[in-house]
Amino acid sequence: MSRVVGFIDLDAYYCACEVKQKPSLLAGKPLAVCMYETWKKSPDRSADMDRIVKSGGAGLIAVSYEARAMGVKRQMSANEARKACPELITVMVPTKNGKADLSLYKENGEKVVEILQEFAGIVEKRSVDEVALDVTDAAQKLLETTPKELVARQAVNVSHFADSEISLKASKISHEAARRGHEGQHEYTKNDDDEKNHLLKYSSFDYLLLAGAVVINNARKAVRERLGFSCSAGIAANKMIAKVGCGLHKPNQQTIVFPRSVAVLLKDLPLNRLPGLGGDLGNRISSQLNITTAGGLANISRSILLNAGFQDADNLLAAANGTLDEPVKNRANYKSFGSSKTFYKHPITNLTIADQWLSNFAQEIFDRIKNDRNQRNRAPTNVTISITTDKSHVTRTEKVHIGWSDSPQPIVRSAHRLLRRWAGTRTAHLDIVVLGLGVSNFIDLPANKASVMDLLTRNPLHQSKKPSSSAEIMQPSKKKRTIAELLYQQATTSTKKTTTVGKKDSSFFPSSNIDPEVFAQLPPEIKAELLDDRTRLLRQSAPSLGNSHLEQRQVKKKKKTATTTIDSFFAPRRPR
DNA sequence: CATGATGACGCT
DNA sequence: AGCGTCAT
């Protein structure tokens, strides 16, 4: 069944966050955001005023539209940019514990998602500044309550169309130019093409798209009014085309791609502007098949693609034809998060320093875990360290129990252990160029800690006085899982390690405050399952020993094979 | 002068 | 579990 997908991209997002912080100084100004002022160690800066830097600052990571108009481009060094635009204001990202602190942007991004959730049943957070929405239902509802001609009129008034002259011109811009905001981008002005478009006869699905465009426009308006962020959007029958459409007109504009416009839009679209083909795979396709556009790829036969070694031919062709239809995922929050830092030209040489950084990372991650946990009653169960040297890049993962713990220590200890698992016996000359730590594999926690404790304990300290929280109502967790989780927590925090299963149920949790009688009354199969869960979780949590010297691989400079699939984000999983 | 920090996911 | 790719 056809869907209506909106793809929203916040305009010059890091810049917009900074403008929100200091509107009187920054609004309407040519502005750029850079990562650090210098690569040398310097004190943390979080105050907005301290972050406006007059010198230094390496590659720009965000450029306001005012600065783009002056020729400032992303990836310029700050000094280069100042030459192009002497009035340029450069703001460095906040730093904390000696590293960039992106929480300002992340937190604002979460607020954006919250607002967008009011407008769509299915919301997929794609990155800090991108969100895909399935607005099919909302569009249908709108058409049920509003005459379709009125809906169409509203949509036309606030949207571009992909087959207009200016849209098709924008579709021919190179990938690089499009990314940095090509010339001629400006706020919306009405044009004759769009009016002509409005005179055409709409199919019933066209009306649905038009309704979706009204919904998306309302969503964008809400984001702008409540948070001050402007954004651009594309509206189409699938996520990939919606994203392509989104890129046609920025900032603060939206573009509708009717099904009948897809072919002409893709005809001259540079191949590497198709999501997933912006890297190696796209380059190989271009050079091996001597094509440069999506339209060119669409004209290649499946068998030629297969013969050239592109096993993912079907998806490639679907992408080139604009029919690749990956559903909008129902995921408004992160599946993992982490903290990392590059030590450019000053690699970490010894374990002590690495440990300190890992502790910092762990603290930062734990702060995020606490936030996330309060909102979503979940906690991660994996900790992964990531280490890059000149010669290698490796990751090491182990299980960790966080639960409702209020200390970052479990993560800190895991991180230090994982570091040693990699380093082996070596303690110096580690030469770590990039060090990172992350957590993943979230599991649901008891929605309300106290209320679950009530179930299993007679400890009056744990009896909750409040009714269940709203979080519990919104996200009821399965009782079985909940109990297993609790048992696991009890087991791993107990002072003794039990190596054998006790003969009596009541002897099972030496220092537990779980009521043995309650446990004893559980049906035998539940007991067995709980015990099984407990031992399994314990086993998983046991760190294994590694041999780092065996793991030092050469980093492969050149990869590899035409078997790589188009970016998973837009590609449906291949059937079996 | 010049440097990124995350995050998702397929393949094996 | 670990690696590689693609993305912003």
Side-chain angles (χ1 to χ4, degrees), chain A residues 9-10 12-14 33-40 55-62 74-81 92-93 95 99-103 105-106 109 124-131 175 179-180 243 247 272 274-284 311-312 315 326 329 331 333-346 361 364-365 368 382-388 392-399 418 421-422 433-441 540 544 546 551 553 555-561 563-574:
Chain A
D9 187 325
L10 292 152
Y13 176 58
Y14 281 21
V33 175
C34 55
M35 202 55 103
Y36 299 103
E37 183 180 24
T38 77
W39 49 264
K40 287 179 186 165
S55 64
L60 306 181
I61 55 175
R74 219 165 134 264
Q75 296 291 66
M76 273 180 162
S77 77
N79 282 332
E80 233 179 313
M92 61 171 256
V93 165
T95 50
K99 65 181 291 298
D101 172 17
L102 304 179
S103 55
Y105 317 111
K106 287 174 183 160
E124 177 178 329
K125 183 175 176 64
R126 293 248 312 150
S127 75
V128 72
D129 68 344
E130 271 188 13
V131 184
H175 181 53
R179 268 207 80 196
R180 66 177 176 242
K243 178 173 171 62
N272 57 5
L274 284 181
L277 297 184
D280 244 34
L281 179 60
N283 285 338
R284 289 203 310 271
Q311 296 179 0
D312 210 15
N315 282 331
E326 174 76 350
K329 293 181 178 61
R331 181 173 49 72
N333 43 46
Y334 293 106
K335 300 179 74 167
S336 71
F337 44 71
S339 177
S340 67
K341 180 173 168 65
T342 304
F343 299 88
Y344 177 75
K345 285 187 177 172
H346 298 266
F361 297 167
E364 183 186 320
I365 289 167
R368 285 185 70 187
N382 279 1
V383 176
T384 302
I385 193 175
S386 161
I387 297 169
T388 305
S392 64
H393 170 80
V394 300
T395 61
R396 292 290 176 269
T397 300
E398 73 174 39
K399 286 283 170 192
L418 289 164
R421 185 135 85 82
W422 167 78
V433 177
V434 185
L435 182 61
L437 189 69
V439 293
S440 58
N441 230 348
Q540 283 174 359
S544 56
E551 293 161 353
R553 296 182 302 88
V555 170
K556 287 176 192 163
K557 287 294 180 209
K558 193 57 197 169
K559 8 234 128 44
K560 111 78 214 223
T561 83
T563 65
T564 321
T565 56
I566 183 169
D567 179 35
S568 56
F569 203 91
F570 289 100
R573 224 170 289 153
R574 259 176 303 179

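Residue numbering restarts at 1 for every chain, and letters A, B, ... go by the order of the sequence lines.
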Student: Have a look at A:Gly278 and say if it touches a base, only the backbone sugar-phosphate, or nothing, with a 4.0 Å heavy-atom cut-off.
Tutor: sugar-phosphate
Student: Which nucleotide sits closest to the side chain of A:Lys106: C:dC6, B:dC9, B:dT6?
Tutor: B:dT6
Student: From the set C:dG2, B:dC9, B:dT3, return the single nucleotide nearest to any side-chain atom of A:Arg331.
Tutor: B:dC9
Student: Has A:Ser340 got a side-chain N or O lying under 4.0 Å from the OP1 or OP2 atom of B:dA5?
Tutor: no
Student: Which word best sums up how the rings of A:Tyr105 and A:Tyr14 line up, parallel for under 30°, tilted for 30 to 60°, or perpendicular for over 60°?
Tutor: parallel
Student: Thinking salt bridges, do A:Lys125 and A:Glu130 make one under a 4.0 Å N-O criterion?
Tutor: no
Student: Can you tell which of B:dA5, C:dG2, B:dG7 lies closest to the side chain of A:Arg396?
Tutor: C:dG2
Student: To the nearest Å, how far apart are A:Lys40 NZ and B:dT3 P?
Tutor: 15 Å
Student: Quick one: is B:dC9 close enough that its OP1 or OP2 comes under 4.0 Å of any side-chain N or O from A:Lys335?
Tutor: yes
Student: Check the phosphate of B:dT6 against A:Lys99, side-chain N and O only, distance under 4.0 Å to OP1 or OP2. Yes or no?
Tutor: yes
Student: Between A:Tyr36 and B:dA5, is there a side-chain N or O to OP1/OP2 distance below 4.0 Å?
Tutor: yes
Student: Below 4.0 angstrom from OP1 or OP2 of B:dA8, is there any side-chain N or O of A:Ser127?
Tutor: no
Student: Determine: side-chain N/O of A:Thr342 to OP1/OP2 of B:dG4, distance under 4.0 Å, yes or no.
Tutor: no
Student: When you measure from the side chain of A:Lys341, which nucleotide among B:dG7, B:dA5, B:dT3 comes out closest?
Tutor: B:dA5
Student: Does a salt bridge link A:Glu398 with A:Arg421, judged by any charged N lying under 4.0 Å from a carboxylate O?
Tutor: no
Student: Closest-nucleotide mapping onto DNA chain B: is A:Glu364 or A:Glu80 further toward the 5' terminus? I mean the 5' end.
Tutor: A:Glu80
Student: Kindly point out which of C:dC6, B:dC9, B:dA5 is positioned nearest to the side chain of A:Asp280?
Tutor: C:dC6
Student: Need to verify one output field. Residue with the more 5' nearest nucleotide on DNA chain B, A:Tyr334 or A:Ile61?
Tutor: A:Ile61
Student: Write down the partner of B:dA2 under the Watson-Crick or G-U wobble criteria, each distance required to be under 3.5 Å.
Tutor: none
Student: Of the nucleotides C:dT8, B:dT6, B:dA5, which one has an atom closest to the side chain of A:Arg368?
Tutor: B:dT6
Student: Is A:Lys329 paired with A:Glu326 through a side-chain N to carboxylate O contact shorter than 4.0 Å?
Tutor: yes
Student: Within this structure, what is the CG-to-P distance between A:Asn382 and B:dA8, rounded to whole angstrom?
Tutor: 13 Å
Student: Which base, if any, makes a Watson-Crick or G-U wobble pair with C:dG4, both distances under 3.5 Å?
Tutor: B:dC9
Student: Less than 4.0 angstrom between a side-chain N/O of A:Arg421 and OP1 or OP2 of C:dG2, yes or no?
Tutor: yes
Student: Please determine, for the side chain of A:Asn79, which listed nucleotide (B:dA5, C:dC3, B:dA2) has the closest atom?
Tutor: B:dA2
Student: The side chain of A:Ser336 is closest to which nucleotide in this list: B:dG7, B:dC9, B:dT3?
Tutor: B:dG7
Student: Rounding to a whole Å, what distance do you find between A:Tyr13:OH and B:dG7:P?
Tutor: 13 Å
Student: Hey, are the side chains of A:Ile387 and A:Val434 touching, using non-hydrogen atoms and a 4.5 Å cut-off?
Tutor: no
